[in-house]
Asker: 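The structure follows.
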Amino acid sequence: MSISTPGGPERRPTVVSTGKKPAAGRPSAADKPAAKAGSGKTGGGKGTPRQGAGGKGRKPVAPVKVSQGRSWGPIALFVAVGVLAVGIIGVGAWAVYQGGQPWQKRAEAIDGIVDYHAKDKDLVKGGNHQPGAIKYDILPPVGGPHNQAWQNCMGDVYDAPIANEHAVHSLEHGTVWITYRPDLPAEQVEKLRSKVQGKEKTMLSPFEGLDKPISLQAWGYQLKVDNADDGRIDDFIKTLRVNASIEGPNALCDQGVTATGTAPRDNLQNTMPQQPTQ
């Protein structure tokens with residue numbers, strides 16, 4: 001180690017060597033530029049960026065976008081709700097349209113119904129009262145001459161056949177008369193009973209010799225079906241009960257004959273002579 005002495009010619013300051021050499025490629029401390037005051041980059045400061053291996057700063061990681069397929073669940077639900085709404089609106093509009101139609105038009109729309117107003121106008125004139133037994137060409141009858149007395153039709157359920165001559169008079173008053181074969185299963189009869197019992201201007205009775213299990217009659221109309229579950233039964237009742245009357249909605253259904261049996265009776269329910277009119 002050498003030490004400079006005062007006096008004599010001016011000499012450069014002597015540098016004390018520690019014997020250590022800086023690492024290759026790295027500048028010595030003396031060669032580093034001084035850090036600027038307040039720059040925030042002095043060692044140990046909070047603003048010092050974290051360095052990884054090799055002294056390099058870590059690059060920010062860009063977010064990864066995940067591609068997702070189209071969600072079909074909500075779309076399918078929306079479509080289903082839309083279809084249902086359109087269906088409900090369509091049914092409602094049809095019901096309003098049907099309800100606005102004359103009852104005769106609604107009757108014509110019942111599949112299988114027979115309208116005798118178009119087939120035989122004389123049959124449905126009404127007001128033709130005859131005593132005693134009467135021969136009918138259409139069975140069960142839907143119109144024509146009939147006895148003065150009518151069959152009680154206040155939702156009456158008859159377990160035995162009734163006289164045609166009284167039943168036809170009830171039809172003239174706006175009644176729907178449901179008839180069925182005597183061998184119709186009990187559960188089917190019970191379903192028919194539920195459509196009639198307690199409902200004014202309807203009545204139910206068995207009828208011998210039907211060509212279909214069930215036959216419905218209103219004045220001038222007839223519908224034959226195979227079972228009590230047929231929806232046309234309700235359509236027939238709803239459309240023709242009261243409406244088919246030719247004596248108006250106030251024609252009586254009470255105070256009629258309540259007896260069963262095919263022999264016609266007078267107003268006192270006495271049996272009348274059995275001499276069919278030709």
Side-chain angles (χ1 to χ4, degrees), residues 99 101-108 110 113-158 161-180 192-205 207 215-223 233-270 272 277:
Q101 293 288 303
W103 67 266
Q104 293 92 339
K105 290 290 186 182
R106 286 183 276 127
E108 289 176 7
I110 299 174
I113 197 169
V114 180
D115 180 3
Y116 287 94
H117 293 265
K119 295 172 69 73
D120 187 350
K121 292 183 178 180
D122 289 338
L123 180 68
V124 294
K125 282 181 177 179
N128 186 2
H129 295 168
Q130 296 181 11
I134 300 172
K135 182 178 182 297
Y136 293 98
D137 295 327
I138 299 167
L139 294 173
V142 296
H146 46 272
N147 282 183
Q148 180 72 30
W150 57 85
Q151 193 76 23
N152 214 68
C153 43
M154 298 292 292
D156 293 83
V157 174
Y158 299 100
I162 59 177
N164 292 330
E165 293 82 0
H166 303 316
V168 172
H169 196 161
S170 298
L171 299 183
E172 190 182 48
H173 286 197
T175 295
V176 168
W177 176 29
I178 302 179
T179 57
Y180 60 91
L192 296 176
R193 177 189 295 265
S194 69
K195 298 177 186 296
V196 168
Q197 200 161 33
K199 183 176 290 186
E200 185 178 353
K201 298 200 173 179
T202 62
M203 60 186 185
L204 175 70
S205 70
F207 197 99
S215 182
L216 292 86
Q217 289 68 230
W219 183 261
Y221 293 93
Q222 190 170 67
L223 175 68
I233 296 175
D234 291 337
D235 292 340
F236 189 98
I237 295 172
K238 181 179 179 180
T239 304
L240 296 169
R241 187 178 72 91
V242 181
N243 286 331
S245 170
I246 60 172
E247 294 190 1
N250 295 323
L252 296 177
C253 245
D254 60 351
Q255 304 177 35
V257 174
T258 57
T260 58
T262 56
R265 298 170 180 268
D266 59 21
N267 288 340
L268 299 177
Q269 304 203 40
N270 297 313
M272 299 179 69
T277 302

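In this text the structure is predicted, and so the values were computed from the model without any measurement.
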Asker: Verify the distance criterion only: is there a donor paired with an acceptor across the side chains of Ser205 and Trp177 at less than 3.5 Å?
Answerer: yes
Asker: List the residues meeting side-chain contact (heavy atoms from CB on, under 4.5 Å) with Ser194, not counting sequence neighbours, and say none if there are none.
Answerer: none
Asker: So, taking the atom named OG1 in Thr175 and the one named CD in Gln151, what distance separates them when rounded to the nearest 0.5 Å?
Answerer: 10.0 Å
Asker: Quick check: closest heavy atoms across Thr179 and Pro140, and the distance to 0.1 Å?
Answerer: OG1-CG, 3.6 Å
Asker: Residues two or more places apart in sequence or in another chain: which of them pass side-chain contact (heavy atoms from CB on, under 4.5 Å) with Asp137?
Answerer: Lys135
Asker: Once rounded to the nearest 0.5 Å, what's the spacing between atom OG1 of Thr202 and atom CG of Leu192?
Answerer: 11.5 Å
Asker: Can you tell me which residue pairs pass the side-chain hydrogen bond (donor to acceptor under 3.5 Å, both in side chains) test with a partner in residues 233-244, sequence neighbours excluded?
Answerer: Lys195-Asp234
Asker: Residues in salt bridge (Lys or Arg N to Asp or Glu O under 4.0 Å) with Lys199, at least two apart?
Answerer: none
Asker: Ignoring hydrogens, what is the shortest heavy-atom contact between Pro249 and Val242? Give both atom names and the distance.
Answerer: CB-CG1, 3.9 Å
Asker: Please work out which of the three classes, parallel, tilted or perpendicular, describes the rings of Trp150 and His169, given edges at 30° and 60°.
Answerer: perpendicular
Asker: Could you give me the CA-CA distance, side-chain angles and deciding distance for Ile134 and Asn164, then say whether side-chain contact (heavy atoms from CB on, under 4.5 Å) is met?
Answerer: CA-CA 8 Å; Ile134 300 172; Asn164 292 330; over 6 Å; no
Asker: Rounded at 0.5 Å granularity, tell me how far OH in Tyr221 sits from CG in Leu240.
Answerer: 6.5 Å
Asker: Working to the nearest 0.5 Å, report the span between CD of Gln222 and CG of Asp115.
Answerer: 11.5 Å
Asker: Compare every heavy atom of Asn147 with every heavy atom of Pro264, then report the nearest pair and how far apart it is.
Answerer: CB-OD1, 3.0 Å
Asker: Which heavy atom of Ala251 sits nearest to which heavy atom of Lys201, and what is that distance?
Answerer: O-NZ, 3.0 Å
Asker: Side chains of Val257 and Asn152: closer than 4.5 Å at any heavy-atom pair?
Answerer: no
Asker: If the condition is side-chain contact (heavy atoms from CB on, under 4.5 Å), which residues does Val157 pass it with, not counting sequence neighbours?
Answerer: Asp159, Arg193, Val196, Gln197, Leu204
Asker: Step by step, would you call Leu123 with Ile138 a side-chain contact (heavy atoms from CB on, under 4.5 Å)?
Answerer: CA-CA 10 Å; Leu123 180 68; Ile138 299 167; 3.6 Å; yes
Asker: So which atom in Met203 and which in Tyr158 form the shortest heavy-atom distance, rounded to 0.1 Å?
Answerer: CB-CE1, 4.3 Å
Asker: Pair Ile246, Val124 - check side-chain contact (heavy atoms from CB on, under 4.5 Å), show working.
Answerer: CA-CA 9 Å; Ile246 60 172; Val124 294; over 6 Å; no
Asker: Taking the ring of His166 and the ring of His146, is the distance between their centroids below 6.0 Å?
Answerer: no
Asker: Is the backbone N or O of Met154 less than 3.5 Å from a side-chain atom of Asp156, with the two atoms forming a donor-acceptor pair by type?
Answerer: yes
Asker: In Å, rounded to the nearest 0.5 Å, how long is the span from CG of Leu223 to CD1 of Ile113?
Answerer: 6.0 Å
Asker: Could you grab the distance from atom NE2 of His129 to atom CD of Gln148, nearest 0.5 Å is fine?
Answerer: 5.0 Å
Asker: For Pro161, what residues pass the side-chain contact (heavy atoms from CB on, under 4.5 Å) criterion, not counting sequence neighbours?
Answerer: Pro206, Thr262
Asker: Shortest non-hydrogen contact from Gly127 to Glu172?
Answerer: N-OE2, 2.5 Å
